[in-house]
Every structure is written in structure tokens, then in C-alpha cells.
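So the structure is just underneath, and the comments pick up after that.
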Amino acid sequence: MAILTPLFAFLYHLPLVYKWLLRPYYVASLFMSVAFLAVRKTPGICDQLATQREDGNSCDFDWREVEILMFLSAIVMMKNRRAITVEQHLGNIILFSKVANVILFFRLDIRMGLLYLTLCIVFLMTCKPPLYMGPEYIKYFSDKTIDDELDKDSRVTWIVEFFANWSPECQSFAAVYADLSLKYTCAGLKFGKVDIGRYGEVSKKYKVSASPLSKQLPSLVLFQGGKEVMRRPQVDKKGRAVSWSFTEENIIREFNLNELYQKSKKLNKTKAEPASQSQFPPLLEEEEPEQQGAPEPETKKDK
């Protein structure tokens, strides 16, 4: 199942994968991922390489290279068991393929290893995965607007993602979060994002660490009346995030989005109602019906 699940997911999303692979980032990553394979199998180049094979065939893998490649496959399958998007699957394959290439090139020739490692560093510094550019109903906050927006209307419930553009996990989660915003945004339930990699003060105020070691990115926080009600992932006493999978199903269940949406969409912006004080999930008060027997406004009779 560990092999079949990623395979079926890849085949199902094959049309989208084809479009992604045509982007410069993925094209360059693909070439770098198969660099050692190309060098080892290209006639005229592989003839000049060293080999530990008993038959002396330098254009085929030796036993140690086969072991490294098999170990790479096992690591990728383990990592992809927790991947929730096709981007994460591709990202894991690309990342660990590059790591394997570094090891294989250094084992083959230290000069080739240094050259490949240098190319990887330059690529990492100059090329970033393409950002999600699809439809969404998300408001982007800055350090000056987030507090005002959360406190602007106490009747509105906000789900805010704290993210950083450099984080692969945040980049992979972008499409999932955008899809949730399209399904659940209404008058009383809104979605927001703030880049704590850019706004450090927001990171400190809302206690979301931007450090890769904390594993707190992305973080989803639910606000009601400008106050935090819950967040995922939770953080332990040592400041480390408790492992949590950012799948659409998990988010809908943990944040109780279906019930929250049904109650929040009844909110009428033209009526100033006080926020509900009940526990999560909130019960937004419906508009009170007009009192019976109230006098109707007088109208002028036609002359």
C-alpha cells in the first residue's frame, strides 16, 4: 500500500503534474535529480568513469550504487506516506534524489561531488518553488493590519494561517487552504494569512515560531472576537509543535467547519449583534424577530 497509494495519486493528478513539470523550477530540478543516472549511462562519458564492478563495465551501476538508490527509494516512500498534496510528493522525490546524487558523485570523484554540491547550493539560493496562484477568498495581513481586522467586527470568526514563503510545507499547504476558503467563506467566517517570515513582530505577538526547528509552520489559528480560541498544530512546553497532518479532512473536523459555517453564514452585516459567549463551536445569535403588535409606521394618505 505504501507504493500503490502514491502511484494512484500521481496517476490521478497526471494532467496537473504535466503542467507543473513544464515550469522552470521543476524542469531544472528534474535534470539535477537524474544527473548521476545521465552521467553513468551516457556513452562516451561513462567509459571514463571508475567502477567497482567485477566485469569492469563502467556504464552500469555497481553494488554500492544500487544500495544507495534502494535506500533512497525506501526513504522517499516513507516520507510520501505523510504527504497530502502532489507538490509534496514531487518535493520529497526531488529533495532526496539530490541528496543521493551528492553522495554518489562524491563517491565517484570528489571533484564531481564538489561541482554538483555547488550547483545545488546555487539552485537553492536562486530558485524557489512556484507559489500557488489559483482562486482563493483570503485576506493577506501585515503587521499593521492584522490586529485592526481581527477586532473590527466581533461577530466575525477568522481562521488565520501563519506562514513563511521559504517553507516547503507552507507552499504545499497553500492550495488546500485556498480550497477551504472557497468552500467556507461567508459573512461570519473569513480566512486570512500573514507572512511571519516577513513580519517578525507578528510572530512574537502570536507566539508562532518561524524557526525550521520548531516545525510550527504552517500554523492555523481560529479567532473569535479578536481572541484566539484554538490552533493547530499545538505547541508543547518545549516550544515544539505536536505532529499534525494538514489535510483538508483534518482541518474540517478539528475546526468543526461545517457547523461553524452553517451558523456563521446567517450573520447579517447590516445588523449590529453582540458576539456569542458560548464555547467553541460558537452559536452566533440569530436576529430577533420583530415584536408582535409593534405599531406600523404611519403613511400619508393620498389626497
*Are the side chains of Glu65 and Ile68 in touch, meaning some heavy atoms are under 4.5 Å apart?*
no

*asked:* Ring-plane angle category for Phe105 and Phe36, please: parallel below 30°, perpendicular beyond 60°, tilted otherwise.
replied: perpendicular

*Taking the side chain as every heavy atom from C-beta outward, state whether Pro233 and Ser219 have any atom pair closer than 4.5 Å.*
yes

*Could you tell me whether the side chain of Tyr116 and the main chain of Met32 form a donor-acceptor pair under 3.5 Å?*
yes

*Ionic contact status for Arg64 with Asp62, cut-off 4.0 Å*: no

*Taking a hydrophobic cluster as the set of Ile, Leu, Val, Met, Phe, Trp and Tyr residues connected by side-chain heavy atoms closer than 4.5 Å, whether directly or through intermediates, do Ile93 and Leu124 fall within one such cluster?*
no

*Please name the pair of heavy atoms, one in Lys98 and one in Ser29, separated by the smallest distance, quoted to 0.1 Å.*
NZ-OG, 3.9 Å

*Does a donor on one side chain sit under 3.5 Å from an acceptor on the other, for Tyr261 and Asn256?*
no

_If you define the side chain from C-beta out and look only at heavy atoms, does anything of Ile75 sit under 4.5 Å from Leu72?_
no

*Any side-chain heavy-atom pair of Leu104 and Leu69 under 4.5 Å*: yes

*asked:* On a heavy-atom basis, which atom in Thr51 and which in Arg53 lie closest, and how many Å separate them?
replied: OG1-N, 3.2 Å

*asked:* Given the ring of Phe163, does Lys193 sit roughly above its face, with NZ or CZ under 6.0 Å from the centre of the six-membered ring and within 45° of the axis?
replied: yes

*Leu37 side chain near Phe61 side chain, heavy-atom distance below 4.5 Å*: yes

*How about Val242 and Trp244: do any of their side-chain heavy atoms sit closer than 4.5 Å?*
no

*asked:* Checking Ser211 against Ser214: is there a side-chain donor and acceptor pair closer than 3.5 Å?
replied: no

_Quick one: does any side-chain atom of Gln171 pair with a main-chain N or O of Asn165 as donor and acceptor, under 3.5 Å?_
yes

*asked:* Please find the pair of heavy atoms, one from Asp179 and one from Glu248, that lie closest to each other, and give the distance.
replied: OD2-OE1, 2.9 Å

*Ring centroid separation Tyr25 to Phe123 under 6.0 Å*: yes

*Hydrophobic cluster identity match, Ile103 and Ile94, side-chain contacts under 4.5 Å*: yes

_Side-chain touch Ile252/Tyr184, heavy atoms, less than 4.5 angstrom_ = yes

_Testing the basics here: between Gln216 and Ser209, what is the closest heavy-atom pair and its distance to 0.1 Å?_
OE1-N, 3.1 Å

*Determine yes or no for a side-chain-to-main-chain donor-acceptor pair under 3.5 angstrom, with Thr157 supplying the side chain and Gln224 the backbone.*
no

*Output yes when a side-chain donor or acceptor of Thr42 lies under 3.5 Å from a complementary backbone atom of Ile45, and no otherwise.*
no

*For Arg40 and Ser58, indicate whether the former's side chain and the latter's backbone hold a donor-acceptor pair under 3.5 Å.*
yes

*Is a salt bridge present between Lys205 and Asp143, judged by a nitrogen-to-oxygen distance below 4.0 Å?*
no

*Quick check: does any side chain N or O of Thr145 sit under 3.5 Å from a backbone N or O of Ser142, one acting as donor and the other as acceptor?*
yes

*asked:* Side chains of Gln52 and Arg107 only: does a donor on one sit below 3.5 Å from an acceptor on the other?
replied: yes

*Report yes if some heavy atom in the side chain of Lys190 is under 4.5 Å from a heavy atom in the side chain of Tyr137; otherwise report no.*
no

*Should Asp148 and Lys152 count as an ion pair when the cut-off is N to O under 4.0 Å?*
no

*Is it true that Lys263 and Glu259 have a side-chain N and a carboxylate O under 4.0 angstrom from each other?*
yes

*Checking side-chain contact (heavy atoms from CB on, under 4.5 Å) against Trp158, which of Leu150, Leu189, Val229 comes through?*
Leu150

*What is the minimum heavy-atom distance between Thr185 and Ser181, and which atoms define it?*
OG1-O, 2.6 Å

*asked:* Any donor-acceptor pair under 3.5 Å linking the side-chain atoms of Asp195 with those of Tyr140?
replied: no

*Indicate the atoms forming the closest heavy-atom contact of Trp166 with Gly197, along with that distance.*
NE1-CA, 4.5 Å

*Taking Phe223 as the fixed residue, which of Phe255, Tyr206, Phe141 is the one that meets the ring pair (Phe, Tyr, Trp, His ring centres under 6.0 Å) rule?*
Tyr206

